[in-house]
Number of protein chains: 2
Amino acid sequence: MTRTPVPGTRRRILQTAARLFREQGARAVGMQQVVEETGLGKSALYREFTSKDELVKAWVGELHDHAWAQIGSAIARHEGDPARALLAIVEQAQESTQGSDAHGCTFYNTSAEFRDPGHPGRREAVAHLDRLRELLCALATSARATDPKALADMLMLIISGLYANAATLGPSGPAAQSIAAARILIDQHVPTPEGS
Amino acid sequence: MTRTPVPGTRRRILQTAARLFREQGARAVGMQQVVEETGLGKSALYREFTSKDELVKAWVGELHDHAWAQIGSAIARHEGDPARALLAIVEQAQESTQGSDAHGCTFYNTSAEFRDPGHPGRREAVAHLDRLRELLCALATSARATDPKALADMLMLIISGLYANAATLGPSGPAAQSIAAARILIDQHVPTPEGS
DNA sequence: CCAAGATGGGACCGATCGGTCCGGACTGAT
DNA sequence: ATCAGTCCGGACCGATCGGTCCCATCTTGG
């Protein structure tokens, strides 16, 4: 090696791509646009990511890491109170839609934009949703919910619906009722109501 | 006029476009593909619809009419029992995702694919969701719900979440809990529980 | 039976798509 | 100072995008 590999390149690409994909949708953004906004050349981009599909996958994967960390800290804030932790996850999701960048849930959006089940980005997105579902189920079990799986799935509905409605009808639309709805569903399943 | 305008042309285009858009997503389908599948020429297509955006709008509009009719008949089946009608709407939504063509809610998908607020198709989709929200609110009011708007919005969350999860994790995933969740939320808001 | 003219199929347009490749610039060793 | 090695920007590729236009075809009024 005779030249510095510029390690920040990959990160810069991902950050730029993340912004464009989030704002306009992955399908609407061309690689040319990513190249122009990063100021790099196409060869640099295609050395880091072999194809656009892989770039989308990396983007979704990074968003998963980010979301997972936020969920983890939300849970940690209510250690020993899994029912409260479940609510905290919904609260955290709602907060993330309050900004003006309410473009919906990336994981569901990506699934909507790329229907091919084999698409790397879609697989990554579905994997995230599956892990979230399992996490909710584990928390519901810890909370001694009467039917943990049912409670977890109901909260999945609320969270998905929250993002979808925030993106279409605005954060102050139906999305604003997500926490209240989650509380009702949690209380209904957990023997000792803690939501009130 | 010296030649029959062939009134079936518009319908044929819409049917073909509807199938392609539903299966692959509106953004992934090119006008060339629509032309090839209809067997018509491009000029015919562009005489009926001035642009792809308008075709998407017409598609969404027709889907609105279809959905609205189905919702109407679901309500009619429970006339005089608005609380039951609310549940019937969710039931009807769930049934529509049972087929193998679970590609999510067209109205939300269209919003996800076309982020520009001025896009005709997106406007149509948002308008549908708004009307649905108002209808749910009216039914909730008739059912003497303690907080009709809140109940309507919670059901919006359930319905949206139902479609999103059916599309990503399958109809037997979290989507399967949508009716049970709706029942809980309705019972919680309606003085005389009728869901049990 | 013919002229008028709307209609439909598809060639064609510039722009952009995802992806490849090459020439020049910069680096580190000699 | 020179040279070899590596990496970068951007020109370039065929395909396809949404959209326009031309011409053969067919129908209908006279």
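- No side-chain donor from either of His189(B) and Asp147(B) sits under 3.5 Å from a side-chain acceptor of the other.
- Between the side chains of His119(B) and Asp53(B), at least one donor N or O lies within less than 3.5 Å of an accepting N or O.
- Put simply, CE on Met31(B) is 17 Å from C1' on dA15(C), counting in whole angstrom units.
- If you check every strand for non-hydrogen atoms under 4.0 Å, Val34(A) touches nothing.
- Partner of Tyr108(B) under the side chain to side chain donor-acceptor pair (under 3.5 Å) criterion, chosen from Asn109(A), Thr168(A), Asn165(A): Asn109(A).
- Whole-Å rounding puts the Gln32(A) CD to dA15(C) P distance at 14 Å.
- At the phosphate of dC7(D), neither OP1 nor OP2 sits under 4.0 Å from any side-chain N or O atom of Arg47(A).
- The base of dG19(D) sits within donor-acceptor range of the side chain of Lys42(B), with an N or O pair under 3.5 Å.
- When the nucleotides dT7(C), dG19(D), dC17(C) are ranked by their closest atom to the side chain of Tyr46(B), dG19(D) comes out on top.
- Rounded to whole Å, the distance from CD on Gln33(A) to P on dG19(C) is 16 Å.
- Within the 3.5 Å criterion, the main-chain N or O of Leu157(A) finds no donor-acceptor partner in the side chain of Ser160(A).
- For the pair Ile13(A) CD1 and dG9(D) C1', the interatomic distance rounds to 13 Å; values are reported in whole Å.
- Rounded to an integer number of Å, the gap from NZ of Lys52(A) to P of dA15(D) is 20 Å.
- Here the P atom of nucleotide dC17(D) and the CZ atom of Arg27(A) are 10 Å apart, to the nearest Å.
- Of the listed nucleotides (dC8(D), dC21(D), dG19(D)), dC8(D) has the atom at the smallest distance from the side chain of Ser43(A).
- Computed from coordinates, the Leu45(B) CG to dG9(C) C1' distance equals 12 Å when rounded to whole Å.
- Among dG9(D), dG19(C), dG19(D), the nucleotide with an atom closest to any side-chain atom of Leu40(A) is dG9(D).
- In this structure, CD of Gln24(A) is placed 14 Å from P of dT16(C), rounded to the nearest angstrom.
- For Tyr163(B) and Phe107(B), the gap between ring centers reaches or exceeds 6.0 Å.
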